[in-house]
Amino acid sequence: MGTKKYSPRRKQAENRALAISSNTISWFVFQIMEWFSKNGRNFSWRKNDYPLYRVVVTELLLQRTRAETVDRFIGIFFELYPDWLTIARSKSANLQKALEPFGLWQRRAATLRKLAIAIKSRGGALPESPEELGTLPGLGPYIVNAVLLYRENRPEPLLDGSMARLLERFFGPRGLVDIRDDPFLNIIARRVLQESEVSPLSLNWGMLDVAAQICMPADPRCEHCPLTKRCPSSTCAK
DNA sequence: ATCCGGTGCG
DNA sequence: CGCACAGGAT
């Protein structure tokens, strides 16, 4: 069938991702994990028994919002809204007010309310399959991956703008404009997570932290980067 | 392809 | 000041 999956541009991007050697991948993973063990950030949602409700809400709040900002106010929010049922029953004005510190509060209140009601009507639990998860309001590919990652420890990437920047600088440019359905980035990210015995959560966090603290959009700190020796984009002299 | 939004940092 | 922020819906 003539779906876009078989467009030449897609195919070429796939091949480019598959052509990267597994040695390069494992070196990348090792460097990230070594850096992460010393320099990883410590956010309140990076705990073992962090409830799934909190995972989803936290990821919604992290969209287009600095992690440090979310971390500062998320405790207060969860005191007010400890579960889906509380959100489903909440007054819209109160919910909006509680979301103000995070920004995007109008959309977020609407999304959270819709999601909470949808979950409530399903008996209070999230669906099992990725396909069903993706049908819930507010759950796009990123949050679906996050649920699979946190809930089942599946090796799914938290492929956001930051991780995309890191991967592109080290492995090469994407094939499509949109990160979400770019085959190059998605294949590389999954190879990174699957071709190693490392904890998928830690590895995701490691990539996000290197992206945020070292591999920033402008003026990256290549001199402190664990990847600089083999990074094609490094501005450091070798 | 556009919009949503306040915040923090250079 | 201007930009970037752990995306998703329309």
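A note on names: the letters A, B, ... follow the listed sequences, proteins ahead of strands, and every chain is numbered from 1. Predicted, not measured: the structure shown is a model, and the values here were computed from it.
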Near DNA chain B, which residues from residues 55-90 of chain A have a heavy atom under 4.0 Å away?
-> A/Arg64, A/Thr65, A/Arg66, A/Arg72

Mind checking A/Ile179 for me? I need base, sugar-phosphate or nothing, with any heavy atom below 4.0 Å counting as a touch.
-> nothing

Sorted by number, the residues of residues 92-104 of chain A with heavy-atom contact under 4.0 Å to DNA chain B | A/Phe102, A/Gly103, A/Leu104

How many Å lie between OH on A/Tyr142 and P on C/dA9, as a whole number?
-> 15 Å

Please report the closest heavy-atom contact between A/Leu149 and A/Arg154, naming both atoms and the distance.
-> CD1-O, 3.1 Å

Go through the steps to decide whether A/Thr58 and A/Tyr50 satisfy the test side chain to side chain donor-acceptor pair (under 3.5 Å), and finish with yes or no.
-> CA-CA 11 Å; A/Thr58 302; A/Tyr50 201 65; 2.9 Å; yes

Thinking salt bridges, do A/Arg9 and A/Glu14 make one under a 4.0 Å N-O criterion?
-> no

Nearest whole angstrom, please: distance from the P of C/dG7 to the CG of A/Asp182.
-> 16 Å

Rounded P spacing from B/dT2 to C/dA6 in Å = 23 Å

A/Leu85 versus A/Ile119: any side-chain heavy-atom pair under 4.5 Å?
-> no

Residue closer to the 5' end of DNA chain C, A/Pro137 versus A/Tyr150 (nearest nucleotide) | A/Tyr150

Atom pair distance, as rounded to whole Å: CG in A/Asp181 and P in C/dG8 | 12 Å

Taking the six-membered ring for Trp, are the ring centroids of A/Phe184 and A/Phe171 within less than 6.0 Å of each other?
-> no

Atom CG of A/Leu166 and atom P of C/dC5 are separated, to the nearest Å, by 12 Å

Donor-acceptor pair (no angle test) under 3.5 Å: A/Arg107 side chain, B/dG5 base | no

What is the distance from CD1 of A/Ile214 to P of C/dA4, rounded to the nearest Å?
-> 18 Å

Of the residues in residues 153-165 of chain A, which ones touch DNA chain B at a heavy-atom distance under 4.0 Å?
-> none

A/Leu139 atom CG is separated from C/dA9 atom C1', nearest whole Å, by 12 Å

Please report, rounded to the nearest Å, how far the P atom of B/dT7 is from the CH2 atom of A/Trp105.
-> 12 Å

The residue, A/Asp219 or A/Asp178, whose nearest nucleotide of DNA chain B is more 5′ is A/Asp178

For A/Gln106 and for A/Val177, locate the closest nucleotide of DNA chain B by heavy-atom distance; then report the residue assigned to the nucleotide nearer the 5' terminus.
-> A/Val177

Parallel, tilted or perpendicular: rings of A/Phe102 and A/Phe73 (30°, 60°) = perpendicular

Would you call the rings of A/Trp205 and A/Phe36 parallel, tilted or perpendicular if under 30° counts as parallel and over 60° as perpendicular?
-> tilted

Would you kindly give the CG-to-P distance between A/Asp209 and C/dC5, to the nearest whole Å?
-> 14 Å

Salt bridge check: are A/Arg190 and A/Glu156 linked by an N-O gap of less than 4.0 Å?
-> yes

Might you confirm whether atom CZ of A/Arg151 has over 12 heavy atoms from other residues, nucleotides or ligands at distances under 6.0 Å?
-> yes

If you find the nucleotide of DNA chain C closest to A/Pro141 and the one closest to A/Ala218, which residue's nucleotide is nearer the 5' end?
-> A/Ala218

No-hydrogen, no-angle side-chain donor-acceptor test under 3.5 Å, A/Arg108 and A/Thr65 | yes

Sticking with atom P, work out how far B/dG5 lies from C/dC1, rounded to a whole angstrom.
-> 24 Å

Quick one: do A/Arg180 and A/Asp160 make a salt bridge, cutoff under 4.0 Å?
-> no

For A/Asp178, does the CG atom have more than 12 heavy-atom neighbours from other residues, nucleotides or ligands under 6.0 Å away?
-> yes

